[in-house]
2 protein chains.
Amino acid sequence: MIAMPAGQDGADTIETVRAFNRFYTNRIGVLDRAYLDTPYTLTEARVIYELAARGSTSASQLTEELSLDPAYLSRMLKAFAGKGMVDAAKDPADGRGRLLSLTENGRAVAADLATRSRESISTLIAPLDETERLALGASLGKATRLLGGGESSPAILLRDHRAGDMGRVIASQAKSYVETYGWNAEYEALVAEICANFLRNFDPSRERCWIAEQHGDLVGSIFLVKGGESTAKLRLLHVDAAARGHGLGTRLVTECIRFAQEAGYGRLELWTNDILTAARRIYQSAGFRLEKEEAHHSFGQDLVGQIWALDLEGWQAPVRLPEALSPASGTPATQPA
Amino acid sequence: MIAMPAGQDGADTIETVRAFNRFYTNRIGVLDRAYLDTPYTLTEARVIYELAARGSTSASQLTEELSLDPAYLSRMLKAFAGKGMVDAAKDPADGRGRLLSLTENGRAVAADLATRSRESISTLIAPLDETERLALGASLGKATRLLGGGESSPAILLRDHRAGDMGRVIASQAKSYVETYGWNAEYEALVAEICANFLRNFDPSRERCWIAEQHGDLVGSIFLVKGGESTAKLRLLHVDAAARGHGLGTRLVTECIRFAQEAGYGRLELWTNDILTAARRIYQSAGFRLEKEEAHHSFGQDLVGQIWALDLEGWQAPVRLPEALSPASGTPATQPA
DNA sequence: TAAAAATAGTTGACTCAGTCCAATAAATTG
DNA sequence: CAATTTATTGGACTGAGTCAACTATTTTTA
């Protein structure tokens with residue numbers, strides 16, 4: 001009746017990758033033979049693409065990047081030069097090397113190849129509907145990034161919440177706290193209640209939720225809700241393990257404080273637990289002071305709850321170098337005594 | 001402050017696939033040249049793999065599947081036969097064709113190739129931690145399935161809820177109802193409340209949640225909770241668009257009813273809305289009767305709520321052919337008058 | 001600073017994976 | 001039974017990619 005969880009350990013990953021490899025060589029490899037109906041080989045096309053992508057390069061860089069035989073590449077470039085596709089100028093810095101670049105003509109060929117490549121992929125994904133296309137793009141993008149092919153820029157976007165985001169926040173927080181601290185389902189219930197109340201009573205002018213997204217995945221969040229007369233409450237700060245080390249927590253807290261200030265609140269409060277040291281450091285650096293501590297038993301654990309507060313009057317974001325995230329990097333002046 | 005949603009339309013998908021293609025040929029293609037340190041070409045290895053995978057085949061099937069030149073394959077098979085790797089028996093059914101199969105020897109070669117392939121991939125994913133490996137497997141698996149390489153078997157598993165599942169349920173339902181029926185955030189709030197209460201008051205002997213998972217994605221869910229003396233409530237039935245057409249809804253409802261019966265309830269109730277016709281059909285086929293209808297304004301819409309009920313005394317699952325899912329497929333005998 | 005070693009690229013010679021075309025032989029069709 | 005189609009094979013070829021040897025520089029080292 002109830003089946004096993006879909007276990008996928010290391011060995012299983014290998015089999016999945018192997019299956020993908022076979023599938024991909026069968027399906028895509030077909031398109032490569034007489035590359036896209038052009039007089040060029042797949043390898044030639046790769047060289048042309050690489051030349052177009054980098055402004056000008058050396059032959060050795062190309063052999064390196066594309067794992068080509070230097071002799072083979074040399075002949076290929078000679079042929080390209082013969083057709084007026086590439087310019088090979090002496091490298092002024094190094095007499096041995098030559099600087100290669102595409103001519104106008106060569107760039108036209110590159111553009112043509114790119115168009116054909118797009119068309120061929122367009123055919124490939126033709127049977128997919130929009131949702132499936134998005135899923136495919138996300139999957140292959142993620143695979144590329146995981147295998148080290150993507151740019152290293154994290155590109156984390158902050159945006160307002162949309163349909164389904166509360167659920168994603170609940171899921172990511174519950175999973176994280178259960179796995180990291182062994183908290184029980186009570187925590188997921190609490191987060192769900194908070195989120196439900198947020199949606200029910202949401203007042204856009206005085207409340208807000210920030211969703212941090214990276215490549216379409218939710219990687220962090222923070223909420224600001226009314227707490228009383230002129231008091232706002234910061235809630236549910238969370239940064240996913242995968243996105244830590246980029247100052248996202250600080251960024252979220254800063255956004256939140258700034259909005260609270262603009263919305264006219266005088267004081268910002270938050271409740272947290274002492275074991276969440278990373279979060280505490282962020283609060284401290286932002287200027288929060290610890291107001292109260294109290295032991296409690298929740299989420300199946302003995303914990304120490306903490307209430308922190310920040311005076312929003314004249315608050316200014318502490319100056320910190322972007323990406324400088326070591327615990328000591330907060331300027332001491334902004335830390336409470 | 002607030003950035004654009006990470007828009008990824010059709011054109012964007014194409015670019016992602018192209019980038020992946022380039023990356024993959026550069027990264028993986030390298031491994032292919034002198035295939036895995038064996039005397040075999042990549043193409044030869046593909047043929048060997050295919051022969052190992054199918055018990056016995058014809059040459060024409062291989063050329064078809066791997067897009068090979070028949071002449072080329074013929075020569076290759078001859079060479080394999082010479083080395084005692086393949087057996088080519090006359091096809092009794094068709095005198096023109098021959099049935100190909102690997103010999104003991106050939107199977108040993110296939111096993112060796114598989115091992116080397118696994119090792120090479122193991123190296124490739126060595127820098128990834130466990131979470132990243134799982135993500136890679138999931139991504140490539142999904143890409144394979146999307147592009148039509150996976151087995152068509154849906155393989156939907158039902159299991160109890162785990163940490164984070166409530167969040168996933170909330171997210172998928174909210175997204176789905178907002179997109180399909182234009183419901184507002186009130187609905188997400190309601191689902192979140194229901195889930196929170198479920199977790200808070202969860203009584204494993206009399207309550208239960210089923211999560212339907214396909215390839216690691218949540219594709220459906222259903223809840224059973226206490227409703228009163230001897231009455232149980234069925235809640236939050238949902239089947240994701242991607243998983244419809246496999247009888248999952250019926251399967252979930254059947255599981256739920258069966259559990260309710262075993263748990264000793266006498267009556268099962270549920271609340272739904274008349275616009276959810278697919279769900280209603282499932283309830284009807286299972287034997288539920290419409291007890292009450294009432295117009296209400298919720299989720300930003302004018303809706304008609306319905307209460308359905310089922311007498312659990314002596315209930316038996318209606319007989320239906322597996323995968324026979326057309327609305328009329330429920331046997332009339334089991335449908336309420 | 002001169003000799004040795006490494007780097008960047010070129011050229012010649014070669015091979016073998018993969019292609020194209022035609023032939024053969026059995027099976028199917030009209 | 002002639003005509004056509006399907007399954008496979010053989011001959012002939014080509015050109016992508018490899019290996020080794022060589023020149024021209026630059027860098028290292030003794």
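Proteins get letters first, then strands, A, B, ... in listed order; numbering begins at 1 in each.
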Q) Who pairs with B:Asn105 by side chain to side chain donor-acceptor pair (under 3.5 Å), at least two apart in sequence or on another chain? A)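 In terms of side chain to side chain donor-acceptor pair (under 3.5 Å), with neighbours along the sequence ignored, B:Asn105 is linked to no residue.
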Q.
Under the rule for side chain to side chain donor-acceptor pair (under 3.5 Å), what residues qualify as partners of A:Ser58, not counting sequence neighbours?
A.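 Only A:Ser60 meet the side chain to side chain donor-acceptor pair (under 3.5 Å) criterion with A:Ser58.
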Q) Could you give all pairs that pass the salt bridge (Lys or Arg N to Asp or Glu O under 4.0 Å) test and reach residues 79-105 of chain A, with sequence neighbours left out? A)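 Only A:Asp94-A:Arg96, A:Glu104-A:Arg107 qualify under salt bridge (Lys or Arg N to Asp or Glu O under 4.0 Å).
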Q | Sequence neighbours excluded, every pair satisfying salt bridge (Lys or Arg N to Asp or Glu O under 4.0 Å) that has a member inside residues 63-79 of chain B | A |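 Qualifying pairs, neighbours excluded: B:Arg54-B:Glu65.
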**Q.** Partners passing side-chain contact (heavy atoms from CB on, under 4.5 Å) against A:Ser74 (at least two apart in sequence or in another chain)
**A.**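 Here no residue qualifies.
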Q. B:Ala241: what forms a side-chain contact (heavy atoms from CB on, under 4.5 Å) with it, not counting sequence neighbours?
A.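 For B:Ala241 the side-chain contact (heavy atoms from CB on, under 4.5 Å) partners, ignoring immediate neighbours, are B:Arg244.
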Q) Partners of B:Asp217 by salt bridge (Lys or Arg N to Asp or Glu O under 4.0 Å), sequence neighbours excluded? A)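 So B:Asp217 forms a salt bridge (Lys or Arg N to Asp or Glu O under 4.0 Å) with B:Lys142.
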Polar atom pairs between nucleotides 24-28 of chain C and protein, under 3.5 Å, N or O only, would you list them?
unit_1, atom_1, unit_2, atom_2, d
C:dA27, OP1, B:Gly95, N, 2.9
C:dA27, O4', B:Arg96, NE, 3.4

Q) With the sugar-phosphate defined as primed atoms, P, OP1 and OP2, and the base as all remaining atoms, what B/S/- string results for nucleotides 10-15 of chain D, 5' to 3', for protein heavy atoms under 4.0 Å? A) BBB---
Q: For DNA chain C, write out the stems as range with range, using runs of 3 or more consecutive Watson-Crick or G-U pairs with both distances under 3.5 Å.
A: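 When the pairs of DNA chain C are grouped into runs of at least three, the stems are C:1-30 with D:1-30.
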(Q) Using a 4.0 Å cut-off on heavy atoms, which residues in residues 50-58 of chain A reach DNA chain D? List them by number, or say none. (A)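 Listed by number, there are none.
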Q. By ring-ring contact (aromatic ring centres under 6.0 Å, His included), which residues pair with A:Phe20, not counting sequence neighbours?
A.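 For A:Phe20, the residues satisfying ring-ring contact (aromatic ring centres under 6.0 Å, His included) (neighbours in sequence not counted) are A:Tyr24, B:Phe20, B:Tyr24.
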Q) Mapping A:Met76 and B:Leu100 to their closest nucleotides on DNA chain D, which lands nearer the 5' end? A)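 The residue closer to the strand's 5' end, by nearest nucleotide, is B:Leu100.
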